[in-house]
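Indexing begins at 1, ligand by ligand and atom by atom, following the structure's order. Since this is a predicted model, take the numbers as computed values, not measurements.
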Amino acid sequence: MKFSDFNLKDTIQAAVTEAGFTEPSPVQKDAIPLILEGHDMIAQAQTGTGKTAAFGLPIMSMMKADGSVEGLVIVPTRELAMQVSDELFRFGKLSGLKTATVYGGTPYGKQIERIKQASIVVATPGRLQDLLKSGKIKIKPHFVILDEADEMLDMGFLDEIKNIFTFLPKERQTLMFSATMPNAIRKLAEQILKNPKTVSITKSEKTNTKITQLYYVVQERERDDALVRLIDYKNPEKCIIFCRMKKEVDRLVAHMTAQGFKASGLHGDMEQKQREVTIRAFKQGGIDIFIATDVAARGLDVNDVTHVFNYHIPFDSESYVHRIGRTGRGGKSGEAITLVSPNELRTIKRIEKDVGTKMTTQVIPTRIEVQNNRSNALIAKIADTKVTDKAIELVKTLQHDLDIVTIAHLLASVVQEENFVKGKDNIGLGLEEIELLIERAMQHRGGNRNGGRNRGRGGNRNGGGRNRHGRNGRSGGRSGGNRGSRNGGQGSRS
Ligand code: ADP
Ligand code: MG
């Protein structure tokens, strides 16, 4: 099925095409036609399944763009408000539909101005209630959406939500989205929805099948070492580590930073500004590891999170599902990795049963396995790298003193050493160039094998040291000192 089968308004369809969406997700397939027919709806679907487009596309397709507020989306947190607003803006911009984002902690004036120009308001419950109650805004949206309704109730927003509905028109189309359907949600649905259609993505589809779920059994005192080892082994682009407690977040941030990772924590005590800065840094790649509690990570939509680690297994299945849904977004694959002590194995069994999926158990890799894994990844990368002119230049220079095989061995040593300890982006010369050099060198194998070997080694050492410090900020965290102690630690562990 294609998006064009929905017969959305041309400008909306064009925006979908521009966004690069080809196939609708399951919840989109089910929800979009029902919404277009004008039904109220209650939909159950996990995070990362494309709920924003599921309601955004059909309502925007039906909007008149007459300058009034036609749609209201209520979401639990400020971050989510901004994300949903951004996503809706991108679908609506070709149709002249503006969005306004409304949340607490900032001055009223600007928000009110923006609401006056918007077709869609995306708001958190507290601030929205303030604005409506005080009469600062008067809106008559035809479309009202409660997004992540279960989260809002968990956060204690039930009263605000009920109050907000007293200000909304009786004639409206109301849509409710929730990852889970506890009783409180059903009751609220009865009060605000009229003859709703139900959309429920069936159990097997509920957890994203593109997420590989693994667990590792470790002794309590091995948790930290196991985590570091696994991160070295999996070598994630971007990962989130979930903790149960704030103080665990703080402790792990310190631990991972000391190990040379670019880690940052997110928890409820942080100031809003600081949270935003941190989240942005994570999105843009300045931070590789995000360490968070469930509450702090609510609704966090960061693309390209390749791995989610549960430092401890969460207590309930719902937070497990929420957590692992931070990876495997937008049709990409992801891995969810849980550390459990033998005591917690029962929790694993229970969650498997609740969620309806099986997790696979694996053994923590040894240090040798970690190294082999990195080597294999490196070989694979070398195999599909193209040679640059700069690389050829560099080899030419090196060839004044060294034979080609020695150059290859030395460069491979540099790359491997750097790669193991510092992560893939931190080679002074530029990893890619070095890899190209090796490949080229291998092609020319058979040159003079003896030339300048010892001299070459000395040169390489110095080169490595200089490179290590000469690189940009990304490598700052991992100094030579860290490296030594880290290798030592791992050696004794395996
Ligand atoms: P949810 O609200 O269910 O957690 P989102 O609406 O935030 O999910 O969507 C998650 C990600 O998937 C977003 O980056 C979104 O742009 C992307 N996405 C949504 N629908 C599709 C689709 N049909 N094809 C590709 N990507 C999609
Ligand atoms: Mg969402």
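- Evaluation of the side chain to side chain donor-acceptor pair (under 3.5 Å) rule for K197 yields no partner, not counting sequence neighbours.
- Ion pairing between a basic and an acidic side chain is recognised when a charged N comes within 4.0 Å of a carboxylate O; R326 and E335 show no such pairing.
- With a 6.0 Å radius and a threshold of 12 heavy atoms from other residues, nucleotides or ligands, K2 has its NZ atom at or below the threshold.
- For residues 3-29, the set of pairs meeting the salt bridge (charged side-chain N to carboxylate O under 4.0 Å, His left out) definition, not counting sequence neighbours, comprises E18-K93, E23-K29.
- Within a 6.0 Å radius of CZ in R114, no more than 12 heavy atoms belonging to other residues, nucleotides or ligands are found.
- Closer than 4.0 angstrom to ligand 1 sit non-hydrogen atoms from F3, F21, E23, P24, S25, Q28, Q46, T47, G48, T49, G50, K51, T52, E87, R90, D301, N303, R329, G330.
- Residue pairs that meet the salt bridge (charged side-chain N to carboxylate O under 4.0 Å, His left out) test with at least one member in residues 159-185, sequence neighbours left out, do not exist here.
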